[in-house]
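Predicted model only: the values in this text are computed from it and were never measured.
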Amino acid sequence: SPDGQLLAFVRHGPPSSDILLYRFEDRQVVPFLTTRAWEWHPAFSPDGRWLAYASNESGRTEVYVTSFPNREHTLTVSRKGGHAPSWALDGSRLFYYSPRSPDGGRSMMGVTVRHGPELSLGIPARLFRLPDRFVHFNIARTYALHPDGRRFLVGRYVETDSPPPITRINLVHNWFAELERLAPTEW
């Protein structure tokens with residue numbers, strides 16, 4: 001959490017995945033969002049009043065935002081699926097990536113957020129197509145927003161040549177003695 005008092009994390013395991021909170025003050029783990037659905041990717045808003053997360057409660061993975069800590073108001077952020085929400089540093093936008101499209105690609109999406117007595121969300125907009133072979137996991141966010149709020153760091157799998165086969169192994173017995181011989185020390 002922005003005040004450093006709580007850590008939101010995910011507990012994976014059948015039959016679902018839940019969002020829990022670790023309270024640093026008393027070292028207690030308390031449930032926050034525990035349903036039959038899978039919830040993951042929790043992200044506190046910069047002001048600490050909202051928690052964004054992904055869930056498959058609708059039958060498809062979508063991004064949601066819920067009031068914190070009371071969960072009185074929950075809004076759906078994504079419209080056609082979404083994963084791994086992340087807030088702009090000033091809280092003015094929420095980012096997430098889309099599920100795979102029919103052509104196999106994914107896109108980074110952005111939603112304008114207006115804070116007031118109640119949270120108001122804009123319409124999700126496609127910011128850019130993610131690179132082919134974009135690294136993504138259900139258990140961790142695999143992109144980072146630059147502090148300027150205009151650039152992203154994303155991972156991408158890269159094809160590499162196979163390493164050459166191992167044809168020789170050097171086995172060193174009594175390697176401390178060998179180390180002392182190569183780099184003597186005096187006490």
Inset, instruction - Answer yes or no: are there more than 12 heavy-atom neighbours, outside Q28 itself, under 6.0 Å from its atom CD? - result: yes
Legend entry - G91 to P46 - nearest heavy-atom pair and separation: N-CG, 3.6 Å
Legend entry - R129/D132 ion pair, N-O < 4.0 Å: yes
Inset, instruction - Taking the six-membered ring for Trp and the full ring for Phe, Tyr or His, determine whether the centres of F44 and F68 are under 6.0 Å apart. - result: yes
Inset, instruction - Output the distance between atom CD1 (I166) and atom CZ (R168), rounded to the nearest 0.5 Å. - result: 13.0 Å
Inset, instruction - Heavy atoms only: give me the nearest R79-I123 pair and the separation to one decimal. - result: NH2-CG1, 4.0 Å
Inset, instruction - Please assess E39 against D18 for the test side-chain contact (heavy atoms from CB on, under 4.5 Å), listing each intermediate value before the final yes or no. - result: CA-CA 5 Å; E39 294 97 14; D18 300 317; 3.6 Å; yes
Inset, instruction - Check whether any side-chain heavy atom of T74 lies under 4.5 Å from a side-chain heavy atom of V65, and answer yes or no. - result: no
Legend entry - Ring-ring centroid check F152 F128, cutoff 6.0 Å: yes
Inset, instruction - Side-chain contact test, heavy atoms from C-beta onward, threshold under 4.5 Å: evaluate it for Y53 versus H41 and give yes or no. - result: no
Inset, instruction - Show your working on side-chain hydrogen bond (donor to acceptor under 3.5 Å, both in side chains) between T61 and H83 and close with a plain yes or no. - result: CA-CA 7 Å; T61 302; H83 301 269; 4.6 Å; no
Inset, instruction - Look up atom CG in L75 and atom CD in E118, then write down how far apart they are to the nearest 0.5 Å. - result: 8.5 Å
Legend entry - Side chains of S107 and R126, donor plus acceptor under 3.5 Å: yes
Legend entry - Donor-acceptor under 3.5 Å (R60 side chain, G82 main chain): no
Inset, instruction - State whether a side-chain donor-acceptor pair under 3.5 Å links E72 with S67. - result: no
Legend entry - Pair V30-Y22, side-chain contact (heavy atoms from CB on, under 4.5 Å): steps then yes or no: CA-CA 6 Å; V30 294; Y22 177 79; over 6 Å; no
Inset, instruction - List the steps and the verdict of side-chain contact (heavy atoms from CB on, under 4.5 Å) for F24 and L7. - result: CA-CA 8 Å; F24 288 99; L7 175 69; 3.9 Å; yes
Legend entry - Point-to-point distance, once rounded to the nearest 0.5 Å, from CG of L6 to CD of E25: 9.5 Å
Legend entry - Side-chain heavy-atom pair L51, S45 within 4.5 angstrom cut-off: no
Inset, instruction - Would you mind reporting whether R36 and S16 have side-chain heavy atoms less than 4.5 Å apart? - result: no
Inset, instruction - Answer yes or no: is there a donor N or O on one side and an acceptor on the other, between the side chain of T76 and the main chain of Y64, under 3.5 Å? - result: no
Legend entry - Check: V113 and L119 side chains under 4.5 Å, non-hydrogen atoms: yes
Legend entry - Check: A37 main-chain N/O paired with T35 side-chain donor or acceptor under 3.5 Å: yes
Legend entry - Any donor-acceptor N/O pair, S17 side chain to H12 backbone, under 3.5 Å: no
Inset, instruction - Could you tell me the separation between the CZ atom of R106 and the CG atom of L130, rounded to the nearest 0.5 Å? - result: 8.5 Å
Legend entry - Heavy-atom check, side chain of Y96 versus side chain of V111, under 4.5 Å: yes
Legend entry - Same apolar cluster (I L V M F W Y, side chains within < 4.5 Å links), W50/M109: yes
Legend entry - Minimum heavy-atom distance between D47 and H115, given as atom pair plus value: OD2-ND1, 3.8 Å
Inset, instruction - Would you confirm whether E62, through its side chain, and G81, through its main-chain N or O, come within 3.5 Å as a donor-acceptor pair? - result: yes
Inset, instruction - Specify the closest pair of heavy atoms between R71 and F32, including all atoms of both residues, with the distance to one decimal. - result: NH1-O, 2.9 Å
Legend entry - Donor-acceptor pair, side chain of W40 and main chain of S55, under 3.5 angstrom: no
Inset, instruction - Would you kindly confirm whether F95 and W87 end up in one hydrophobic cluster when ILVMFWY residues are joined by side chain heavy atoms under 4.5 Å apart? - result: no
Inset, instruction - Taking atom CZ of R114 as the centre, report whether more than 12 heavy atoms of other residues, nucleotides or ligands fall under 6.0 Å from it. - result: yes
Inset, instruction - Please assess L33 against T66 for the test side-chain contact (heavy atoms from CB on, under 4.5 Å), listing each intermediate value before the final yes or no. - result: CA-CA 10 Å; L33 192 54; T66 190; 5.6 Å; no
Legend entry - Exam field: side chain Y143 to backbone A84, donor-acceptor pair closer than 3.5 Å: yes
Inset, instruction - Taking all heavy atoms of P31 and all of L20, pick out the closest pair and write down the distance. - result: CA-CD2, 3.6 Å
Legend entry - Side-chain donor or acceptor of S78 paired with backbone N/O of K80 under 3.5 Å: no
Inset, instruction - Quick one: pull up OG1 in T142 and OH in Y97 and give me the separation to the nearest 0.5 Å. - result: 4.5 Å
Legend entry - Heavy-atom closest contact (L145 atom, A88 atom, distance): CD2-CA, 3.7 Å
